[in-house]
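Working notes, structure below.
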Amino acid sequence: MTLRIAIIHNNEEKSLTVYSHLLSLLEENKDLVVVEQNPELVITIGGDGTLLSAFHRYNHKLDEVRFLGVHTGHLGFYTDWRDYELEEMVNSLCSDRDKSVSYPLLDVVIKFEDGRQKHFLAMNESSVRKGSSTMVADVYIKDELFERFRGDGLSISTPTGSTAYNKSVGGAVVHPSINALQLAEIASLNNRVFRTLGSPSIIGPREWIEIFLNTEGKHMVTIDQLDVSGGGIQSIQYKIAKERIHFASYKHMHFWHRVKDAFIRED
Ligand code: NAD
């Protein structure tokens, strides 16, 4: 049975070299077919950013597609295979073709004052900020007012995204087997007048967060690498998506080993 494979790469010289080597290896195997439309497996060549772009390109078919990342720079969080392991990787595509591991995603609904709604899926996080002026927002958890936030903004991340922007703003690193969302503050104002929790919060699968924006004008809203900033946003609702991202688990690395490798080890 054939396996339909799409390849997404960045334009760095090393990635282009790996791309042509991978193409020639795939062409040698009649069961592996390279396609652009309706793939069953998406192989990315580059870094975490390349995998994120591929996710957004194919996120309307998440129940049919598995992802696999080849990294051509530093070890990434979504990229398991190294460029010199291509032959082993291609061989494993045939033997382990049905194995996969899946991770939670963030479901984002942006609600506008005129009644419009926009729906997105995020793999790392969504952040909302207010540029130069203080952002004022009411944070509801499960339809109950939790706090009035004042500060630079808020970040809501998935477990796999917890090591990305979330970590830079002081959020906790969360093991990807945990089905949860994380709300992290970005420079909150805390003094005798204004008060927020002041620490990251982990939200469970039966809960949701809605952030009502109380400041007028344009807000900066991100969904992973996408900028969906705009005016007239009334609220943004976040919950764990019913869809999950599936990775071909041809090569699985211990999560905490990866965290150590990325943030602690000095080689
Ligand atoms: P990029 O290529 O500049 O990526 C920024 C860095 O984030 C890269 O080193 C990448 O490897 C790393 N990264 C991405 N996802 C990660 C993850 N899940 N765990 C650990 N590291 C991860 O930018 P891009 O390609 O546009 O990627 C967008 C992502 O970059 C965003 O989703 C955000 O999480 C992250 N980012 C982080 C910061 C920050 O930490 N201050 C700032 C901007 C963007």
Side-chain angles (χ1 to χ4, degrees), residues 8-15 18 42 44-59 62 67-83 101-108 110 120-131 151-188 200 202 220-229 236 238 240-241 244-247 249 252-267:
I8 306 284
H9 58 84
N10 65 21
N11 284 324
E12 308 224 338
E13 203 179 326
K14 195 166 177 191
S15 300
V18 171
V42 174
T44 67
I45 303 169
D48 289 323
T50 321
L51 198 298
L52 283 170
S53 319
F55 163 75
H56 284 282
R57 182 152 165 188
Y58 292 103
N59 72 4
L62 290 177
F67 294 82
L68 188 158
V70 177
H71 62 94
T72 50
H74 296 291
L75 174 67
F77 274 79
Y78 296 120
T79 52
D80 285 333
W81 290 87
R82 289 170 195 251
D83 47 2
V101 58
S102 71
Y103 297 127
L105 296 168
L106 180 64
D107 182 287
V108 185
I110 303 181
F120 300 91
L121 286 177
M123 191 168 150
N124 268 350
E125 80 287 298
S126 168
S127 68
V128 52
R129 283 170 286 170
K130 183 73 182 86
D152 278 5
L154 292 160
S155 158
I156 295 84
S157 64
T158 62
T160 52
S162 69
T163 44
Y165 184 63
N166 168 73
K167 185 174 179 297
S168 300
V169 297
V173 172
V174 177
H175 193 281
S177 62
I178 298 172
N179 203 23
L181 299 181
Q182 181 166 185
L183 172 67
E185 301 180 350
I186 308 168
S188 57
I202 310 277
M220 294 154 60
V221 182
T222 64
I223 311 284
D224 298 333
Q225 2 165 257
L226 312 176
D227 178 352
V228 293
S229 299
I236 310 174
Y238 297 102
I240 299 172
R244 292 171 69 91
I245 178 158
H246 294 262
F247 281 90
S249 64
H252 190 63
M253 190 186 281
H254 185 337
F255 176 71
W256 296 109
H257 174 83
R258 199 185 292 257
V259 171
K260 180 178 169 187
D261 200 274
F263 298 112
I264 302 171
R265 185 181 291 163
E266 291 173 20
D267 293 322

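Whatever order the structure lists ligands and atoms in, that order sets their numbers, starting from 1.
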Requested in this report: Decide yes or no on side chain to side chain contact (heavy atoms under 4.5 Å, CB included) for T160 and F77, but give the supporting numbers first.
Outcome: CA-CA 8 Å; T160 52; F77 274 79; over 6 Å; no

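- For ligand 1, the atoms lying closer than 4.0 Å to a non-hydrogen atom of Y78 are 18 (N).
- Nearest non-hydrogen protein atom to atom 19 (N) of ligand 1 is T163 OG1, 2.7 Å.
- Judged as a side-chain contact (heavy atoms from CB on, under 4.5 Å), and not counting sequence neighbours, the contacts of K167 are V173, F263.
- When distances from atom 11 (O) of ligand 1 to the protein are checked, a heavy atom turns up under 4.0 Å.
- At least one protein heavy atom sits closer than 4.0 Å to atom 38 (C) of ligand 1.
- The minimum heavy-atom distance between A180 and I202, with the atom names listed, is CB-CG2, 3.6 Å.
- Summarising the contacts of atom 31 (C) of ligand 1 with Q225, E125, H71, the nearest heavy atom is found in E125.
- Atom 14 (C) of ligand 1 is flagged as protein-proximal [any protein heavy atom, distance under 4.0 Å].
- Under 3.5 Å, the side chains of S15 and T72 contain a donor-acceptor pair of N or O atoms.
- Note on ring orientation: taking the six-membered ring where Trp is involved, the planes of F247 and F67 are tilted (angle from 30° to 60°).
- Smallest separation of non-hydrogen atoms from A54 and V42: CB-CG1, 4.0 Å.
- Contacts with ligand 1 closer than 4.0 Å are made by side-chain heavy atoms of L52 only, the backbone lying farther away.
- Numbered from 1 in the order shown, with element, the atoms of ligand 1 that lie under 4.0 Å from a heavy atom of F77 read 17 (C), 19 (N), 20 (C), 21 (N).
- In terms of heavy atoms, P200 sits closest to G171 at CG-CA, 3.8 Å.
- For the residue pair N166 and G161, the shortest heavy atom distance occurs at CB-O, 3.8 Å.
- With respect to atom 42 (C) of ligand 1, the closest heavy atom belonging to the protein is Y165 CD1, 4.0 Å.
- Neither side chain, Y165 nor S127, offers a donor N or O lying under 3.5 Å from an acceptor on the other.
- Between D224 atom CG and F120 atom CZ the span is 11.0 Å, to the nearest 0.5 Å.
- Of the heavy atoms in N124, only side-chain atoms (C-beta onward) come closer than 4.0 Å to ligand 1.
- In this structure, the protein non-hydrogen atom closest to atom 17 (C) of ligand 1 is A164 CB, 3.5 Å.
- In summary, the atoms of ligand 1 found under 4.0 Å from a heavy atom of G49, numbered by their order in the structure, are 25 (O).
- Protein heavy atoms are found inside the 4.0 Å sphere centred on atom 26 (O) of ligand 1.
- Of all protein heavy atoms, the one lying nearest to atom 22 (C) of ligand 1 is D48 OD2, 3.6 Å.
- Taking both residues in full, the closest heavy atoms of I223 and A122 are given as CG2-CB, 3.7 Å, listed atom of the first, atom of the second, then distance.
- Within 4.0 Å of atom 7 (O) of ligand 1, not a single protein heavy atom is present.
- Within a 4.0 Å radius of atom 44 (C) of ligand 1, the protein has no heavy atom.
- For ligand 1 and S168, the ligand atoms under 4.0 Å from any heavy atom of the residue are 39 (C), 40 (O), 41 (N).
- The shortest distance between side-chain heavy atoms of E125 and T158 does not fall below 4.5 Å.
- Put simply, atom 1 (P) of ligand 1 has no protein non-hydrogen atoms near it, under 4.0 Å away.
- Distance remark: protein heavy atom not present below 4.0 angstrom from atom 4 (O) of ligand 1.
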